[in-house]
Amino acid sequence: MKLEQALDNNIFKIISRSANELQLDAYVIGGFVRDFILQRSSAKDIDIVAIGSGIALARKVALNLPNQPKVQVFKTYGTAMLRFEDVEIEFVGARKESYHEDSRNPVVENGTLEDDQNRRDFTINALALNLSEENFGELLDPFYGVQDLKNGIIRTPLNPDITYSDDPLRMMRAIRFATQLNFIIEKGSLESISKNSERIKIITNERIVVELNKIMESVKPSIGLLLLEQTGLLQYILPELTNLKGIDEVEGQKHKDNFYHTLEVVDNIAKNTNDLWLRWAALLHDIGKAPTKKFSKKVGWTFHAHEFEGSKMVYHLFKRLKMPLNDKMKFVQKMVFMSSRPIVLAQGVTDSAVRRLVFDAGDYVDDLMTLCEADITTKNPNKFAKYHNNFKIVRQKIIEVEARDHVRNFQPPVTGEEIMKTFNLKPSREIGIIKEAIKEAILEGVIPNEHDAAFKLMLDKGKALGLNATLNNN
Ligand code: CTP
């Protein structure tokens, strides 16, 4: 089989010529070939394997390129990288590898193309295209990877126990590819993942999070999340989620399984946003329910203050997984913390409740609504329609209230300085009390969010506090 069209980019001709000059064979391998056959938007990076020195080939290619780009060499790994236009090209010498039991740092030996293909993760990632001048575009597919692509199967080239113990991250990669491509993991492979799941502990959190994020960015993240759970990997990565599993029953009263509910919420939100962090918020919105779960005879199951607990857990989870502790984390915390707020509104919408929601959520109010809509997983069609309809009303009211009252990013219409000047005060408690009264009156709709109305309220409130106004305010 020839796949010459895959190699239309001039760069491949240059690599081919360079390999010829060095008298070595070179191949394009991995994701580039896979994605070309799948007609998937082609990957930004290209992996080249040389039968010989990958570093020497990279240097030769750089010399043959018009702009002679810089070659970045990673001596310890025997690899080299250069950029051509907006493509990253990585060069590696074909390897035969054996691994130490307790780490993923391989002992590397030079090898043939077959050796190199053998040590790759999946048959669909072991496809290689020949770059030699005589056989340019020839496909080398010793493990029937093209067939697996057609049938939608993730399979390892070797016995899965060997492939996964060589690099346990591959267990997550299998699940990630199954999620992204909507493929099935071959039975032996799936069993091997279950058997070896504990080995994920030797992998750094940074690498795990890369795969997790790719699962979360997929069209249907629940495919991967379920596989992570079923194989036992999830308990090592996100125990906060596995703790949500199960339904308890006391005296005939049950609560829903919050793990499966969460998966539905994540899939729902994935239909409405590509924002990775809003998707994470959906994944974590109920994690506070496990530690706050209580049963009381009077009210049944409760998860009192689970949103607060959950938002604290977000910080610890991000820290543990070495995820960013910046505004992204704060956004997820805020979403988790506020995740039940609009629900109350869905039962009955008042202007003041909407104003308070906009005031508290600020710029994130739309994201919060998107999260809450995704949270509706009731199987009762009447309730489903009713809740969605109420949220539609809430969204409409948010627009109306915002146009009128401008409480998003609220700035007090009367400043602390103006209060001090009016009552001839030094910084003191009274100023806080007056400011709070003005804010409350605006949010409750007692006065509009305007200076004059707020100023008048300030005077009244000051009087009630026994303050004297020196009304020469200019
Ligand atoms: N590979 C592997 N084992 C790993 C990581 C990578 O065998 N743990 C091999 C695979 O052949 C893979 C290639 O290295 O195709 C390149 O890896 P990478 O760039 O991480 O993945 P891609 O397959 O290119 O896919 P994506 O771009 O979607 O991550």
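Start at 1 and go down the list; that is how both ligands and their atoms are numbered.
- Atoms of ligand 1 found under 4.0 Å from any heavy atom of Gly31 (numbered from 1 in listed order, with element): 15 (O), 23 (O), 24 (O).
- In this pair, Phe384 and His388 present their aromatic rings tilted. The plane angle is within the 30 to 60° band.
- Contacts between Arg170 and ligand 1, counted as non-hydrogen atom pairs separated by less than 4.0 Å, involve the side chain only.
- Residue Gly30 approaches ligand 1 through these ligand atoms, each under 4.0 Å from one of its heavy atoms: 15 (O).
- Residue-to-ligand polar distances keep Gln180 apart from ligand 1: every N/O pair is separated by 3.5 Å or more.
- Closest heavy-atom approach to atom 22 (P) of ligand 1 within the set Met172, Arg34, Gln117: this belongs to Arg34.
- Phe318 and Trp277 have tilted rings, their planes meeting at an angle from 30° to 60° on a 0 to 90° scale.
- Residue contact check for ligand 1: Lys214 places a non-hydrogen atom closer than 4.0 Å to it.
- With Leu278 as the fixed residue, the side chain to side chain contact (heavy atoms under 4.5 Å, CB included) test singles out one of Ile269, Leu368, Val332: Ile269.
- Summarising the contacts of atom 2 (C) of ligand 1 with Asp47, Val49, Asp121, the nearest heavy atom is found in Asp121.
- Phe32 and Phe12 have tilted rings, their planes meeting at an angle from 30° to 60° on a 0 to 90° scale.
- With a 4.0 Å heavy-atom cut-off, ligand 1 is reached by no atom of Arg40.
- Between Asp167 and ligand 1 there is a heavy-atom distance shorter than 4.0 Å.
- Below 3.5 Å of separation, one finds an N or O of Arg176 facing an N or O of ligand 1.
- Aromatic rings from His306 and His285 are positioned such that their centres are separated by 6.0 Å or more.
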Practice item. Give the C-alpha distance, both sets of side-chain angles, the deciding distance and a yes or no for salt bridge (Lys or Arg N to Asp or Glu O under 4.0 Å) between Asp248 and Lys254. Key: CA-CA 6 Å; Asp248 292 302; Lys254 292 194 221 173; over 6 Å; no
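- Counting only residues at least two apart or on different chains, the side-chain hydrogen bond (donor to acceptor under 3.5 Å, both in side chains) pairs with a member in residues 214-227 are Ser222-Asp267.
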